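It should be emphasised that the depicted structure is a prediction, and the values quoted were computed from it without experimental measurement. Chain letters run A, B, ... following the sequence lines, proteins first, then strands; residues in each count from 1.
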There are 2 protein chains.
Amino acid sequence: MLEGKFESASLMKRLVEAIKDSVKLCNFNCSQTKGITLQAIDDSRVLLISLKLDPGCFEGFRCDKNLVLGLDLESLSKVLKQGNNEDYLTLIAEDAPDNLLVVFEDPKKDRISEFSLKLMDIDSDVLSIEDMDHDCSITLPSSDFAKVARDMRTLSESLQILVTKDSVKFMASGPIGTGSVIIKAHTDLKDGKESIKIDLNKSVNVTFGAKYLNDIVKASTLAETVTIKLTNKIPALFEFKLQGGYLRYYLAPKFDEDEE
Amino acid sequence: MLEGKFESASLMKRLVEAIKDSVKLCNFNCSQTKGITLQAIDDSRVLLISLKLDPGCFEGFRCDKNLVLGLDLESLSKVLKQGNNEDYLTLIAEDAPDNLLVVFEDPKKDRISEFSLKLMDIDSDVLSIEDMDHDCSITLPSSDFAKVARDMRTLSESLQILVTKDSVKFMASGPIGTGSVIIKAHTDLKDGKESIKIDLNKSVNVTFGAKYLNDIVKASTLAETVTIKLTNKIPALFEFKLQGGYLRYYLAPKFDEDEE
DNA sequence: TTTTTCAGGG
DNA sequence: CCCTGAAAAA
């Protein structure tokens with residue numbers, strides 16, 4: 001028996017919205033100690049998504065037996081949209097489940113919505129991802145990053161990121177012109193979340209597919225800041241910290257031509 | 001001579017938008033005492049629409065002679081869209097009219113827009129609808145009802161409604177899973193319009209085509225609340241009260257299989 | 001199906 | 001006040 005109760009539906013709603021454009025089907029792994037984890041790779045195998053929701057993310061969490069819940073994220077999304085952000089949300093599954101039960105409660109209005117989603121068997125390549133050291137780590141407001149990623153996509157399908165000691169430079173160039181955005185490290189004393197922090201071992205120059213960055217950036221509503229870890233020619237890590245968990249994206253860089 | 005002047009065009013605009021997806025052609029009946037009434041049935045003869053606009057709905061209303069104005073709602077809609085919501089709107093017709101004159105005035109801007117719509121002869125089966133007693137009556141915020149109707153349609157083309165003493169249960173089941181939404185009667189003291197009221201003589205279990213409910217729900221902008229009257233196997237009534245009139249939908253339930 | 005408009009949330 | 005997501009229109 002799995003029973004995970006969220007204090008509000010908004011977290012789960014946003015998570016699924018942040019993932020479903022990259023991946024259609026995926027397995028939710030449930031265990032008493034680890035809570036709910038998920039790992040999925042997009043069809044082009046360029047973007048890997050890793051989600052962890054510790055039991056502490058839940059108002060109540062119980063999982064008698066490890067479960068793998070194979071879900072169609074499009075269907076899950078349809079169901080989650082039927083709940084309001086402030087509703088209590090509970091996920092329920094039997095020990096050998098055919099279905100996942102999704103229950104919303106709006107205590108004020110005395111409304112209870114209950115949905116049963118069919119589960120599916122999904123092939124899962126669960127990779128173990130080593131926590132590697134990167135050449136640089138950047139932390140910035142996720143909305144800032146989202147804006148750059150979205151804006152630059154109007155110029156090109158590739159976004160180049162150059163990191164030096166105290167600045168990050170985003171560059172794109174395409175038919176209508178070229179652009180660069182330079183963000184300098186700084187500390188915002190009023191609101192630490194507005195600070196931009198750069199830790200650098202080695203300067204970095206990487207290029208990503210703008211399409212993937214735009215998918216990643218859909219998670220911006222989940223956390224005020226995003227931490228980006230980059231190394232030349234190595235998949236980058238984009239991490240959105242949740243309270244008691246995270247949503248991480250691993251994105252392989254573009255590897256072409258002039259970036260020798 | 002008919003001359004009906006609305007204080008603002010928005011009512012008429014919304015009404016036509018709420019109807020035109022169900023019915024293409026229909027007769028507007030005008031009389032000095034009754035104002036404007038309309039009755040129309042959709043092509044599948046499952047949904048009947050009944051509109052009443054008392055003379056009191058108008059800022060000024062005069063109708064020397066009873067008229068039947070046969071209109072193409074698509075054309076009427078196109079014309080109405082040319083007026084702003086805050087414009088004065090006047091409908092004018094001669095005693096033996098070939099055309100309906102639609103006049104918008106924006107006094108502030110000194111703009112006058114005038115349109116003449118061709119009238120048509122339309123066969124009308126005007127049914128007399130007796131005000132029957134139903135087994136239950138539900139009043140709830142029209143936006144709540146709209147959300148349930150629209151959301152549940154993502155699950156199935158049929159929506160089942162079960163009413164018991166103090167709750168309404170909406171149920172749908174389809175390929176991706178099943179869902180139910182239970183709304184309990186309650187009184188909102190802060191905002192009475194948010195209350196949910198259930199009057200029940202006999203519990204009810206009816207199923208409707210989700211398509212029709214989605215058409216009905218287009219009227220949600222016309223009234224804050226909707227009153228739904230249901231009886232097993234009998235057409236349901238969905239009423240949106242207007243000030244000095246109403247828009248009512250009569251919808252025949254689906255009648256199949258296991259609902260004996 | 002794509003684009004535009006409108007309503008709700010941050 | 002701005003932005004985002006959902007519904008209507010083309």
Side-chain angles (χ1 to χ4, degrees), chain A residues 7-22 73-87 89 104 106 108-109 111 113 141-154 191 193-194 213-226 240 242-243, chain B residues 8-24 72-86 141-155 191 193-194 210-226 240:
Chain A
E7 174 134 14
S8 93
S10 68
L11 173 63
M12 197 65 187
K13 280 163 65 91
R14 290 179 190 170
L15 281 172
V16 173
E17 288 310 299
I19 297 174
K20 76 166 214 281
D21 291 319
S22 308
L73 293 183
E74 193 57 50
S75 304
L76 180 58
S77 164
K78 281 182 184 168
V79 162
L80 288 173
K81 280 186 181 148
Q82 308 202 29
N84 296 327
N85 285 331
E86 329 76 50
D87 287 353
L89 166 63
F104 298 101
D106 181 340
K108 284 187 194 148
K109 291 186 153 178
R111 176 176 44 74
S113 309
S142 45
S143 57
D144 289 5
F145 178 55
K147 181 162 172 57
V148 176
R150 288 197 261 248
D151 288 350
M152 295 298 253
R153 195 180 181 188
T154 64
D191 181 0
K193 291 292 198 328
E194 285 297 313
L213 293 173
N214 274 259
D215 285 339
I216 291 171
V217 133
K218 300 215 165 83
S220 296
T221 54
L222 284 159
E224 292 198 79
T225 66
V226 57
F240 299 86
L242 314 174
Q243 45 207 42
Chain B
S8 93
S10 68
L11 173 64
M12 198 63 187
K13 281 162 65 90
R14 289 180 189 170
L15 280 171
V16 172
E17 290 310 299
I19 297 174
K20 75 166 212 285
D21 291 321
S22 307
V23 163
K24 294 181 299 295
D72 176 329
L73 292 182
E74 193 56 49
S75 306
L76 179 57
S77 163
K78 282 181 185 164
V79 162
L80 288 173
K81 280 187 181 148
Q82 308 202 31
N84 296 328
N85 285 331
E86 328 75 48
S142 45
S143 58
D144 288 6
F145 178 57
K147 180 165 169 58
V148 176
R150 288 198 262 249
D151 285 348
M152 292 299 251
R153 197 180 181 188
T154 64
L155 296 179
D191 181 359
K193 291 292 197 324
E194 285 295 313
K211 169 187 182 301
Y212 300 104
L213 294 173
N214 274 258
D215 285 337
I216 291 171
V217 134
K218 299 214 165 84
S220 296
T221 55
L222 284 159
E224 292 199 78
T225 65
V226 57
F240 299 85

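- Checked options B:V16, B:D72, B:D21; the residue passing with B:S77 is B:V16 (criterion: side-chain contact (heavy atoms from CB on, under 4.5 Å)).
- With 3.5 Å as the limit, one finds no donor-acceptor pair spanning the side chains of B:E86 and B:S10.
- Using a 4.0 Å cutoff to heavy atoms of chain B, the contacted part of DNA chain D runs 5' to 3' from D:dA7 to D:dA9.
- Atom pair B:E17:CD and C:dC6:C1' shows a separation of 13 Å (rounding to whole Å applied).
- Using a cut-off of 4.0 Å between Lys/Arg side-chain N and Asp/Glu carboxylate O, B:D144 and B:K147 are scored as not salt-bridged.
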Working note: B:R153 + B:L213, criterion side-chain contact (heavy atoms from CB on, under 4.5 Å); need CA distance, chi angles, decisive distance, verdict. CA-CA 9 Å; B:R153 197 180 181 188; B:L213 294 173; over 6 Å; no
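- Heavy-atom nearest nucleotides on DNA chain D were determined for B:D151 and for B:E74, and the one closer to the 5' end corresponds to B:D151.
- The residue B:K147 sits apart from the nucleic acid: no heavy atom pair falls under 4.0 Å.
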How far apart are the C-alpha atoms of A:L89 and A:L80, what are their side-chain angles, what is the distance that settles it, and do they pass the side-chain contact (heavy atoms from CB on, under 4.5 Å) test? CA-CA 9 Å; A:L89 166 63; A:L80 288 173; 4.2 Å; yes
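- No side-chain donor-acceptor contact under 3.5 Å links A:T225 to the backbone of A:P141.
- One can place CZ of B:R150 at 12 Å from C1' of C:dC6, the figure rounded to the nearest angstrom.
- As judged by a 4.0 angstrom heavy-atom cut-off over every strand, B:K78 is placed among residues making no nucleic acid contact.
- For A:Q243, the CD atom counts as loosely surrounded, since its 6.0 Å shell holds 12 or fewer non-hydrogen atoms of other residues, nucleotides or ligands.
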Find every protein N or O atom lying less than 3.5 Å from an N or O atom of nucleotides 8-10 of chain C, and list the pairs.
none

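- With A:E17 as the partner, the side-chain hydrogen bond (donor to acceptor under 3.5 Å, both in side chains) test is satisfied by one option alone out of A:K13, A:R14, A:K20: A:K20.
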